[in-house]
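A short write-up of the structure that comes next.
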Amino acid sequence: MADNEIGGPPPAVLFDIDGTLVDSNYLHIHAWQRAFAEIGIEVETWRIHRSIGMDGSTLVRSFSDDAPDSTQKRLKDLHSQFYAEMAPLLRPLPGARTLLHRVADLGLQVVFATSAPDDELALLRKVLDSDDLVSAITSAADVDTAKPKPDIIHVALERAGVSADRAVFVGDAVWDAEACARAHVTSIGVLSGGVSRGELEKAGAVMVFENADDLLKHIDDTPIARLLTKEKGPSPISD
């Protein structure tokens, strides 16, 4: 993407993918449920749901009662296996692709700020089919511990070449909003991951929308639009 009028990279919109752009959260829940059952560890499904979006190693460690490393690795491998088996069920969430196009058309950077492992990220990118719009991507390989720690946000900002005040994050999980608060990045929440509006707001999301399509419809009234006014002064961005 070309530099903006005042020099340097344009402001960036950082996107989580799972549950934000791709309808994948409940496939993750099912994959984790099968993985724990395979190992013989009883975990209530609702507890898994409440942990989707956090660092995978933290999830495994908490539900396996700090099992040996070999068991934890087996759990993660089984999750990846079962999730891959369900990959044909993955779908973009309503408005996801159009939202990415809209952000790019506004002259803002589109950044995938995810902590998904590389194999899962490949599946998600294939489903979205929007790589031509993306200026930077993160993955689990970039950090030791993912959300709610802010490390993945810091990596995304560095790759986009922008400071925290020149970025907005869009995500579906409490862990997203908490990580952004720690990184001093404004966050917008979406309900498409199955987390309530109140929880997202309490975690730090400044606005919450039903899904990507709802955000797209109201984008002119969001911090995403204000990224433009910070750069160029007040100006309308609607078509």
Side-chain angles (χ1 to χ4, degrees), residues 1 10-30 49 52-53 86-116 120-121 123-138 147 153 156 160 167-177 179-180 185-229 236-239:
M1 175 173 291
V13 183
L14 317 181
F15 289 94
D16 175 61
I17 303 180
D18 281 306
T20 301
L21 299 174
V22 176
D23 199 357
S24 57
N25 279 11
Y26 292 90
L27 301 187
H28 278 297
I29 294 167
H30 186 55
H49 181 209
I52 293 299
M86 295 184 288
L89 298 175
L90 291 169
R91 296 288 185 276
L93 281 157
R97 288 184 182 132
T98 310
L99 176 60
L100 297 180
H101 277 278
R102 177 64 171 149
V103 168
D105 287 345
L106 290 172
L108 301 170
Q109 293 188 76
V110 173
V111 176
F112 287 164
T114 175
S115 55
E120 294 177 14
L121 179 56
L123 296 172
L124 296 170
R125 291 169 66 178
K126 182 177 180 181
V127 168
L128 280 172
D129 190 25
S130 300
D131 275 5
D132 58 314
L133 304 173
V134 180
S135 63
I137 301 175
T138 67
K147 304 162 192 170
I153 309 297
V168 171
F169 186 98
V170 181
D172 68 295
V174 166
W175 321 110
D176 294 325
C180 287
V185 171
T186 299
S187 68
I188 294 173
V190 287
L191 302 177
S192 45
V195 178
S196 72
R197 181 182 302 274
E199 289 173 298
L200 292 171
E201 290 175 342
K202 184 178 179 181
V206 299
M207 301 181 80
V208 179
F209 298 91
E210 286 191 5
N211 53 22
D213 190 52
D214 188 29
L215 170 55
L216 176 63
K217 291 174 182 175
H218 299 92
I219 195 169
D220 290 6
D221 301 315
T222 71
I224 294 174
R226 290 194 284 277
L227 286 174
L228 292 173
T229 60
I237 64 171
S238 55
D239 291 329

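We number each residue from 1, following the sequence as shown.
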Any donor and acceptor pair, going by atom type alone, linking the side chain of [X] with main-chain N or O of [Y] inside 3.5 Å?
X      : Y      : answer
Arg97  : Asp129 : no
His30  : Tyr26  : no
Asp213 : Pro94  : no
Gln109 : Ala160 : yes

Kindly write out the residues that satisfy side-chain hydrogen bond (donor to acceptor under 3.5 Å, both in side chains) with Asp105, not counting sequence neighbours, or none if the list is empty.
-> none
Is the closest side-chain heavy-atom distance between [X] and [Y] below 4.5 Å?
X      : Y      : value
Leu133 : Val103 : no
Thr186 : Cys180 : no
Ser187 : Asp176 : no
Arg125 : Val134 : no
Pro11  : Leu228 : no
Leu100 : Phe112 : yes
Val110 : Val13  : no
Leu21  : Leu124 : no

For the student: nearest non-hydrogen atoms of [X] and [Y], plus distance:
X      : Y      : result
Leu27  : Met86  : O-CE, 3.1 Å
Leu227 : Ala12  : CD1-O, 3.7 Å
Met207 : Thr222 : SD-CA, 3.8 Å
Val170 : Ile224 : CG2-CD1, 4.3 Å
Val190 : Gly19  : CG2-O, 4.3 Å
Leu128 : Pro92  : CD2-CB, 4.4 Å

No-hydrogen, no-angle side-chain donor-acceptor test under 3.5 Å, Asp172 and Thr20 = yes
Atom CD of Glu120 and atom OG1 of Thr114: how far apart are they, to the nearest 0.5 Å?
-> 8.5 Å
Residues at least two apart in sequence or cross-chain that pass side chain to side chain contact (heavy atoms under 4.5 Å, CB included) with Ala113, listed by chain then number, are Leu14, Thr138, Ala156, Phe169
